Undergrad: 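First, the structure itself, so that you have it in front of you.
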Amino acid sequence: MIKTRLKTISNYFNHRNLSVGGSLLLLSLVPNAYGIEFSSVCHTLAGQWSGPAASNVRRYELAHVQAMCSLDRRQLVIMTTLASDMASQTWWFVEKNGQIQLQKQEGANVNRDMAMSLYPYGDGFSFLGVTEVNGRESLLKLIFLPLATGWQWQHQLQYLDDDSNHYQVFLSLDLLPSTSK
């Protein structure tokens, strides 16, 4: 039943015939209270996307995103390029034995490895992991929320040495189906 609903979601994105129903069907990605299947997320995000992006420092003109899911749906590679300054990042998620590992590469030099957990979040889903930013241990939350014609991808951060219980949004991208599909 879940596979049928996921196929329907995939068909919505593949044919760009999106409706409010796409958001409602996304709820079926949550098979139980324990979380979401990585394979479902992998397949759902695969494709070419573009849209506006903004950071806590400035607004970017356009972001280009390409997401590729392996045939066994255990690896997801998301490559992002911010058009105004050609900054690029690669996010490589690997699911093995129920564990999700993320390797993030920024530009040519900065690599980060972290274990991630996958959770339902509102009508979408979120990856959550511990990393180090500016020499401080932090929680990184990658949130994917459905839009009428795609996804909003938020990068949020909470420093663990901060008494605040709030995450800071440091980058937000609207992933809209690319016209080059």
Side-chain angles (χ1 to χ4, degrees), residues 6 26 29-49 51 53-58 60 63-82 85-147 150-175:
L6 289 175
L26 184 60
L29 286 173
V30 185
N32 55 46
Y34 299 110
I36 298 173
E37 297 288 328
F38 179 80
S39 60
S40 302
V41 168
C42 185
H43 180 70
T44 300
L45 290 178
Q48 293 183 10
W49 310 91
S55 74
N56 57 351
V57 178
R58 66 179 191 189
Y60 295 93
H64 297 284
V65 177
Q66 182 172 359
M68 296 177 290
C69 181
S70 64
L71 288 176
D72 64 1
R73 297 185 182 181
R74 293 181 182 210
Q75 296 185 57
L76 174 65
V77 177
I78 302 175
M79 296 171 288
T80 64
T81 302
L82 300 175
D85 61 4
M86 296 306 290
S88 65
Q89 296 179 337
T90 301
W91 306 76
W92 181 17
F93 298 87
V94 177
E95 187 270 332
K96 186 175 181 180
N97 300 324
Q99 304 292 317
I100 301 170
Q101 191 68 28
L102 168 63
Q103 182 179 70
K104 179 184 172 200
Q105 182 177 355
E106 298 177 53
N109 299 331
V110 181
N111 288 316
R112 295 185 183 169
D113 294 313
M114 61 191 92
M116 301 296 282
S117 298
L118 180 59
Y119 297 99
Y121 188 91
D123 288 342
F125 54 90
S126 173
F127 290 96
L128 180 66
V130 177
T131 188
E132 187 176 302
V133 176
N134 299 326
R136 298 168 67 185
E137 196 168 55
S138 308
L139 289 175
L140 174 66
K141 189 186 293 186
L142 304 172
I143 300 171
F144 292 85
L145 296 171
L147 300 172
W151 299 90
Q152 181 181 67
W153 181 15
Q154 291 183 11
H155 304 193
Q156 296 185 0
L157 193 68
Q158 179 181 6
Y159 293 108
L160 294 178
D161 61 2
D162 191 342
D163 289 337
S164 171
N165 288 331
H166 301 288
Y167 283 85
Q168 302 170 22
V169 176
F170 65 93
L171 184 63
S172 181
L173 303 106
D174 285 352
L175 305 180

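Predicted model, so just to flag it, every value in this text is computed and none were measured.
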Undergrad: Is there a donor-acceptor contact under 3.5 Å from the side chain of Q105 to the main chain of W91?
TA: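 A pair under 3.5 Å: no.
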Undergrad: More than 12 heavy atoms of other residues, nucleotides or ligands under 6.0 Å from CD of Q99: yes or no?
TA: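 Count not over threshold, so no.
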Undergrad: Give the minimum heavy-atom separation between I143 and S126, together with the two atoms involved.
TA: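 Shortest heavy-atom separation between I143 and S126 comes out as CG1-OG, 3.9 Å.
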Undergrad: Begin with the C-alpha distance, continue with both residues' side-chain angles, and end with the deciding distance and a verdict on side chain to side chain contact (heavy atoms under 4.5 Å, CB included) for I78 and T90.
TA: CA-CA 6 Å; I78 302 175; T90 301; over 6 Å; no
Undergrad: List the residues meeting salt bridge (charged side-chain N to carboxylate O under 4.0 Å, His left out) with D72, not counting sequence neighbours, and say none if there are none.
TA: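 Not a single residue meets the salt bridge (charged side-chain N to carboxylate O under 4.0 Å, His left out) criterion with D72.
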Undergrad: Quick one: closest heavy-atom pair of I36 and P120, and the distance?
TA: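 Heavy-atom minimum between the residues: CD1-CA, 3.7 Å.
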Undergrad: Nearest 0.5 angstrom please: L142 CG to M116 CE, how far?
TA: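 Answer for the CG-CE pair, L142 versus M116, is 4.5 Å.
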Undergrad: Quick one: pull up CG in L173 and CD in Q154 and give me the separation to the nearest 0.5 Å.
TA: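 It is 10.0 Å, given to the nearest 0.5 Å.
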Undergrad: Apply ring pair (Phe, Tyr, Trp, His ring centres under 6.0 Å) to F93 and list each qualifying residue two or more places apart in sequence or on a separate chain.
TA: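 For F93 the ring pair (Phe, Tyr, Trp, His ring centres under 6.0 Å) partners, ignoring immediate neighbours, are F127.
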Undergrad: Could you measure the distance from the CG atom of L171 to the CG atom of L157? Nearest 0.5 Å is fine.
TA: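 One gets 11.5 Å once the value is rounded to the nearest 0.5 Å.
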Undergrad: Kindly give the heavy-atom pair with the smallest separation between C42 and Q75, and that separation in Å.
TA: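 Taking C42 first and Q75 second, the nearest heavy atoms are SG-O, 3.2 Å.
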Undergrad: Does the side chain of Y159 reach to within under 4.5 Å of the side chain of S138, using non-hydrogen atoms?
TA: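 A side-chain contact under 4.5 Å exists here.
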Undergrad: Can you name the residues that form a ring pair (Phe, Tyr, Trp, His ring centres under 6.0 Å) with F170, not counting sequence neighbours?
TA: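 In terms of ring pair (Phe, Tyr, Trp, His ring centres under 6.0 Å), with neighbours along the sequence ignored, F170 is linked to H155.
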